[in-house]
Amino acid sequence: MILWLCLLLEMVLVSTAARGPPRVSERVAHRQSVRLGRTMKLPCPVEGDPPPLIMWTKDGRNIHSGWTRFKVLQHGLRIKDVETDDAGTYICKATNGFGSVNINYTLIIIDDSGARGGAGAANGDSEHGPELAGKLVRPRFTQPAKMRKRVIARPVGSSVRLKCTASGNPRPDIVWLKDNRPLVDEEGGAGGDGKKKKWTLSLKNLTPEHSGKYTCHVSNRAGEINATYKVEVIQRTNSKPILTGTHPVNTTVDYGGTTSFQCKVRSDVKPVIQWLKRVEPGDENKFNSTIEVGDHRFVVLPTGEVWSRPDGSYLNKLLITRAKEEDAGMYICLGANTMGYSFRSAYLTVLPGQRHQTLTDDKGILH
């Protein structure tokens, strides 16, 4: 049973087609570069059977769900809104029972904001001072869409980045405060040295002491602006997710009808919820990718949004529309977080179309 669960979890993380220990399936460029603010994807083209478990590290630190701009994909790592601090050494490590393989990357961040008059060199500011820059311009936030979420909850040990990118003339100064007190340098810097501004405040390895209100105060001779974030650091216990209630439950649906399974998971941090369906014998060729576990094969189903509930649990629903006979079978809900995983199965029965027609014609109602 333990081996079965391990293989099932590995299948959720990555699918592979080749047999044997993990191996790199194509050539990769180990030196990568991306412009500041763009989205970057580092590929991890590996194959192996049993499917390898994929782990990513940056400068020796494991990348996990608390890294909000980072997402581990099926064959790579995606980094959104790239920042200067994202530069470094990345390693994709693929491991299964036969061995492991690493793919190393050096990521270089290109910051050409000065050449384009960005936040780092706004509106004509120069080394000769603001008196040569022309008309005074009041500070303004240049990326308001990235500042909409002002109340942020993160688990202990994760990280968060608070953005206050701004422009103005003369080039504005920025000061970060926590609970209305200036931050010391080791907590992210209180302003900057005039050349490299702390437009983004990075808080790493969060502890409960990091909770509070963080305010960026941006000012120049033309005026000032402020923005405040509320950060809540959630204590995390060493517990895996728990599937609560009775769901998913065995369900019957008419041919052509609509039904759904639901899965309610209690977890200290937002879990990954994944649905799987057992592939019936003879149907293997209907799917592009399946995983063999014991005497059965499973296919990973598309997963919708995971909803946070007022009671602290998380809910995910699997919707089945226009039900067909091949939709019948065993479904599994798998809930996972960094501490482990739990799962539960249920069966779907689809009433045949012919039977449905007979019942409605003869009885007038469907039993």
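Scope of the values below: all heavy atoms of this structure, side chains included, with no hydrogens, waters or symmetry mates. One-based numbering along the sequence shown.
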Given the rule that I, L, V, M, F, W and Y join up when any side-chain heavy atoms are under 4.5 Å apart, are L315 and V306 in one cluster?
-> no

Would T39 and I79 satisfy side-chain contact (heavy atoms from CB on, under 4.5 Å), going step by step from the backbone distance to the final call?
-> CA-CA 6 Å; T39 294; I79 310 172; over 6 Å; no

Hey, is the main chain of T89 close enough, under 3.5 Å, to the side chain of N104 for a donor-acceptor pair?
-> no

What closest approach, in Å, do F261 and W275 show between heavy atoms, and which atom pair accounts for it?
-> CB-CH2, 3.5 Å

Y105 side chain to C92 backbone, donor-acceptor under 3.5 Å | no

Give, for atom NE2 of H247 and atom NZ of K264, the distance between the pair rounded to the nearest 0.5 Å.
-> 8.5 Å

Are L276 and C333 close enough that some pair of their side-chain heavy atoms sits under 4.5 Å apart?
-> no

Interatomic distance, T349 atom OG1 to D254 atom CG [nearest 0.5 angstrom] | 12.0 Å

Between E83 and K163, does at least one N-O distance fall below 4.0 Å, as a salt bridge requires?
-> yes

Looking at F141 and N226, what are the two nearest heavy atoms and their distance?
-> CE1-O, 3.8 Å

Measure the spacing between NZ of K277 and CD of E326 and express it to the nearest 0.5 Å.
-> 8.5 Å

Residue pair T95 / P52, side-chain heavy-atom distance below 4.5 Å = no

Compare every heavy atom of H210 with every heavy atom of N205, then report the nearest pair and how far apart it is.
-> O-CE1, 3.9 Å

So which heavy atom on R154 is nearest to which on T68, and how close?
-> NH2-CG2, 2.7 Å

In terms of hydrophobic clustering (I, L, V, M, F, W, Y; side-chain heavy atoms under 4.5 Å; direct or indirect links), are V253 and L301 co-clustered?
-> yes

When R69, K146, Q143 are each screened for side chain to side chain donor-acceptor pair (under 3.5 Å) with D81, the one that passes is K146

Single-linkage hydrophobic cluster, 4.5 Å side-chain cutoff, L53 and I91 together | no

N180 atom CG, over 12 foreign heavy atoms within 6.0 Å | no

Is the side chain of N250 donor-acceptor paired with the backbone N or O of Y347 at a distance under 3.5 Å, no angle test?
-> yes

Quick one: does E47's side chain get under 4.5 Å of S25's, heavy atoms only?
-> yes

Donor-acceptor contact below 3.5 Å, side chain R344 vs main chain L243 = yes

Tell me, do E209 and T207 make a side-chain contact under 4.5 Å, heavy atoms counted?
-> yes

Interatomic distance, I174 atom CD1 to C216 atom SG [nearest 0.5 angstrom] = 5.0 Å

So do C164 and M147 actually touch side chain to side chain, heavy atoms under 4.5 Å?
-> yes

Axial cation check for F298 ring with R278, 6.0 Å and 45° limits = no

Is a side-chain N or O of D59 found less than 3.5 angstrom from the main chain of G88, in a donor-acceptor match?
-> no

Considering all heavy atoms, the nearest C44-W56 contact | CB-CZ2, 3.6 Å

K93 NZ: over 12 foreign heavy atoms closer than 6.0 Å = no

Verify side-chain contact (heavy atoms from CB on, under 4.5 Å) between V46 and I103, making sure each step is shown before the conclusion.
-> CA-CA 9 Å; V46 294; I103 300 178; 4.0 Å; yes

Residue R150 excluded, over 12 heavy atoms near CZ under 6.0 Å = yes

Ignoring hydrogens and geometry, is there a side-chain-to-backbone donor-acceptor pair from S342 to P241 under 3.5 Å?
-> yes

Are any side-chain N or O atoms of S159 and backbone N or O atoms of W67, one a donor and one an acceptor, separated by less than 3.5 Å?
-> no

Check whether any side-chain heavy atom of D86 sits under 4.5 Å from a side-chain heavy atom of R161, and report yes or no.
-> yes

Does the side chain of Y331 come within less than 4.5 Å of T251's, by heavy atoms?
-> no

Measure the CH2-NZ distance between W307 and K317 for me, rounded to the nearest 0.5 Å.
-> 10.0 Å

Side chain to side chain, Y229 and L201, heavy atoms closer than 4.5 Å = no

Derivation and outcome, side-chain contact (heavy atoms from CB on, under 4.5 Å), residues L319 and T258 = CA-CA 8 Å; L319 183 64; T258 297; 3.7 Å; yes

Measure from the side-chain N and O atoms of N316 to the backbone N and O of C263, and report whether any donor-acceptor pair falls under 3.5 Å.
-> no

Show the numbers, then the answer: is there a side-chain contact (heavy atoms from CB on, under 4.5 Å) between L107 and M40?
-> CA-CA 10 Å; L107 182 61; M40 179 66 180; 4.1 Å; yes

For the atom pair NZ (K178) and OG (S211), what is the distance rounded to the nearest 0.5 Å?
-> 7.0 Å

Return the minimal non-hydrogen interatomic distance between L318 and P302, and the atom names on each side.
-> CD1-O, 4.3 Å

